[in-house]
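One-based numbering, in listed order, for ligands and for the atoms of each.
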Amino acid sequence: MPQNIWDFWANRYEKLWVQKYSLKPTRDLVVAELQKYIASEIEEELNLLDVGCGTGQLLEDIKEKLCQPNLALTGIDSSEQMIAFASKKLTNARVIVGDALALPFSHNYFDFLTCCHSFPYYQDKLMALQEFKRVLKPGGVLFLVQASENNVYDKVVMKLVKLTTGKAAYPSKAQIRKLVQQAELNLLNHKKIESQYFMPSIILSTLQNGDKK
Ligand SMILES: C[S@@+](CC[C@H](N)C(=O)[O-])C[C@H]1O[C@@H](n2cnc3c(N)ncnc32)[C@H](O)[C@@H]1O
């Protein structure tokens, strides 16, 4: 087993059963929400960063479905194998190995951040949100999605999931609200991702750095 569990999962990742019930519905909702912010053709370049981008599926979907040549896409992930996989198929996005807690980007650089199913694995979640805020422009928007333990059923299911991923913590909606407040981000809304009845809660939190643009 490699030291980084995600290196092990990299070339199996796109075949996992959770793609159908959790990961694809997440990508579809994030693309739809993002579209609300960039509905018409962009004239000036906008920058989007996907943190914990895995094999680059969300960046691929954004490229294909939004068709915005002026939306510059970047992905970062701490797994070398995930990034090796992503860089083979993504021709129009920059993908790099790096840590969500120490993003190698300057302050106020990105208009949008996405972070899907990666946040539970960060040791220091407040530090991650502070780092996200640092690289977001004022008014920039973060779409944060993950499984979220809000009841006993969620806790049981996520305990089983942890057997395959190692150490993780799936914050409840109340915990997300508290972290967001501490990081001084604005919570615009929480949305539950609708999937099959047997899936645990998956929550999209839309957050903004300061006031609306
Ligand atoms: C469940 S996968 C999610 C991948 C993709 N975002 C998706 O929605 O399918 C979790 C990803 O988070 C990455 N990850 C975990 N901890 C990280 C960290 N501290 N910094 C950057 N990426 C991290 C893992 O390497 C893995 O690719």
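With hydrogens and angles ignored, the 3.5 Å screen pairs a side-chain donor or acceptor of Q68 with a backbone N or O of I42. Between the side chain of D154 and the backbone N or O of P200 there is no donor-acceptor pair closer than 3.5 Å. A donor-acceptor pair under 3.5 Å is absent between the side-chain atoms of N70 and the main chain of E44, judged by distance alone. The main-chain N or O of S172 is never found under 3.5 Å from a side-chain atom of N150 such that the two would form a donor-acceptor pair.
Residue contacts with ligand 1: Y13 is placed with a nitrogen or oxygen under 3.5 Å of a nitrogen or oxygen of the ligand (distance criterion only). Considering backbone and side-chain atoms together, Q57 places no N or O closer than 3.5 Å to any N or O of ligand 1. Checked against a 3.5 angstrom limit, the closest N/O atoms of R27 and ligand 1 fall outside it. Residue C116 has at least one N or O atom closer than 3.5 Å to an N or O atom of ligand 1. Every N/O-N/O distance between V51 and ligand 1 stays at or above 3.5 Å. Between G52 and ligand 1, an N or O atom pair is found at a separation short of 3.5 Å. For ligand 1, the polar-atom distance check finds an N/O of D99 within less than 3.5 Å of one of the ligand's N/O atoms. An N or O contact shorter than 3.5 Å is missing between D50 and ligand 1 by distance.
Contact check for F132 versus F110: no side-chain heavy atoms found under the 4.5 Å cut-off.
When only non-hydrogen protein atoms are considered, atom 20 (N) of ligand 1 lies nearest to A100 N, 2.9 Å. Annotation: atom 17 (C) of ligand 1 to nearest protein heavy atom, S78 OG, 3.2 Å. Looking only at heavy atoms of the protein, atom 27 (O) of ligand 1 is closest to D77 OD2, 2.6 Å.
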S201 vs K192, side-chain contact (heavy atoms from CB on, under 4.5 Å): CA-CA, chis, key distance, verdict: CA-CA 7 Å; S201 313; K192 189 165 188 268; 4.1 Å; yes

Would V141 and Y37 satisfy side-chain contact (heavy atoms from CB on, under 4.5 Å), going step by step from the backbone distance to the final call? CA-CA 9 Å; V141 177; Y37 288 83; 3.7 Å; yes

Audit row: K65, D28, salt bridge (Lys or Arg N to Asp or Glu O under 4.0 Å) steps and yes/no: CA-CA 10 Å; K65 294 184 182 157; D28 289 348; 3.3 Å; yes

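Heavy atoms of G98 come nearer than 4.0 angstrom to ligand 1 in at least one pair.
Evaluated by nearest non-hydrogen atom to atom 12 (O) of ligand 1, the leading choice among P120, A147, S118 is S118.
Under a 4.0 Å criterion applied to the non-hydrogen atoms of H117, ligand 1 contributes the atoms 1 (C), 2 (S), 3 (C), 8 (O), 10 (C). Heavy-atom proximity to S79, at under 4.0 Å, picks out these atoms of ligand 1: 25 (O).
I62 and Y109 fall into different hydrophobic clusters, where Ile, Leu, Val, Met, Phe, Trp and Tyr side chains are chained together by heavy-atom contacts under 4.5 Å.
The pair E60-K63 fails the salt-bridge criterion, with no side-chain N (NZ, NE, NH1 or NH2) lying under 4.0 Å from an Asp/Glu carboxylate O.
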